[in-house]
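This report concerns only the one structure given below.
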Amino acid sequence: MSRQQPWDRALGLRSNLVPSIAGLADAACGSVLGRIIFSDGPVEPTLVDGVPSLTTHMANGNGTPVEEIWLTDRPVRSGTAGKAVFAEDGEHLFYAARLGPQPVYRERVRELYETALRFTWERGYTDLVRMWNLIGDITSPNSEGVEIYRDFCVGRAEAFATWEAQFPQLPAATGIGTLSPGMELCFLATKQGRTVHLENPRQTPAYKYPSRYGPISPSFARATFLRGQRAGSLFVSGTASILGEDTVHVDDIEQQTLEAIRNIDVLAGSDNLSRHGVDGDGYTVRDLDQIKVYVRDAEHVSAVRDICTQVFQANSEIAYFNVNVCRPDLLVEIEGVCR
Ligand code: 3EB
């Protein structure tokens, strides 16, 4: 018998981005690893009917909130770990935690991350796939006058430095604003051997950003490819109008939106995938689904929506959030999954 490839084990990890009303009904149809609820206030992570549920403040109370539901084909076991919640199916782990408002974040962020990485490693989930950092007051100063995003980046980088032997490679991530102080962390990890982390030839790797963007560079990759039973999935990080390391099209919402989309198109294309050793035809922006679009200014939402409606597939799941982006000159950021 031939040796089992790691991705033979891979049972469908998938997600849906749905109105929160429908969430629980849909969730009943699969094994639910976790829910991320984009609501009108933060809630401590909790198990709801046994499902790890993270509620973040990204909705302004008008309109129906949405939630992202992570599902697998396997039976799931969930639990709590201190104040964090998690679920695992033997192949995938979902973990979520919240940190309340802090005068200075770095030390508590380091602890939060180290606790999470230790838990993940000890349960045998050796490969990080996709992380979300949902950060209140992201561009505001902390009590020492340091921008909270930069303050956060220091703690995250210190935790990754401590755990570098176990987690030498940084996964796809999002670092984005929320509407309440404090921060939420959630992520997906897998057993060994299925992930490939990608950079974008149009962009300086974030972990090499120069110090004018913060004392320690952000710790994330531009995308992570997860091998599956058949094709696999490409998890696209929060992507903005950055070329090299510079924000481009300052004060131009249409051009920033189009540049972010071009960045995703190149990142996910076959040239970039094969450059990183991933075979196949590659993707285009038409393959992006479970799309989250973060727009800083409320008055820009409709212009961004018009562009996204044209560019992305009509049947794609897409949600818009009016939240701050991690650089004051970034007006929009887009993420999603290519399947
Ligand atoms: C950027 O490209 C925009 O700190 O985890 C995007 C994705 C961004 C993830 C993070 C930040 C993060 O630098 C910001």
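Read the numbers this way: they start at 1 and go in the same order the structure lists the ligands and their atoms. Atom set for the values below is all heavy atoms of this structure, side chains included, hydrogens, waters and symmetry mates excluded.
Contacts with ligand 1 closer than 4.0 Å are made by side-chain heavy atoms of Ile242 only, the backbone lying farther away. Heavy atoms of Thr239 found under 4.0 angstrom from ligand 1: none, in either backbone or side chain. When non-hydrogen atoms are compared, ligand 1 lies under 4.0 Å from neither the backbone nor the side chain of Glu245. At a heavy-atom cutoff of 4.0 Å, ligand 1 is contacted by no atom of Glu335, backbone or side chain. Contacts with ligand 1 closer than 4.0 Å are made by side-chain heavy atoms of Glu333 only, the backbone lying farther away.
For atom 8 (C) of ligand 1, the closest non-hydrogen atom on the protein side is Phe220 CZ, 3.7 Å.
Residue contact annotation: Cys326 has a non-hydrogen atom under 4.0 Å from ligand 1. Using a 4.0 angstrom heavy-atom cutoff, Tyr209 counts as in contact with ligand 1. Using 4.0 Å as the threshold, Tyr213 has no heavy atom nearer than that to any atom of ligand 1. The closest approach between Arg156 and ligand 1 falls below 4.0 Å for a heavy atom of the residue.
A salt bridge is defined here as a Lys NZ or Arg NE, NH1 or NH2 lying under 4.0 Å from an Asp or Glu carboxylate O, and Glu245 with Arg212 meets this definition. Looking at Asp49 and Arg35, no side-chain N of the basic residue comes within less than 4.0 Å of a carboxylate O on the acidic one, giving no salt bridge. Salt bridge annotation for Arg156-Glu114: absent, with no cationic side-chain nitrogen under 4.0 angstrom from a carboxylate oxygen. For the pair Glu199 and Arg275, the salt-bridge criterion is not met [side-chain N within less than 4.0 Å of a carboxylate O].
Near Gly175, meaning under 4.0 Å from one of its heavy atoms, ligand 1 places the atoms 5 (O), 7 (C), 9 (C), 10 (C), 11 (C), 12 (C). Each of the following atoms of ligand 1 lies closer than 4.0 Å to a heavy atom of Arg222: 1 (C), 2 (O).
Taking the ring centroids of Phe94 and Phe86, they lie at or beyond the 6.0 Å cut-off.
Under the salt bridge (charged side-chain N to carboxylate O under 4.0 Å, His left out) criterion, Asp297 pairs with no residue, sequence neighbours left out.
Listed by first and then second residue, the ring pair (Phe, Tyr, Trp, His ring centres under 6.0 Å) pairs that reach into residues 166-187 are Tyr95-Phe187, Trp121-Phe167, sequence neighbours excluded.
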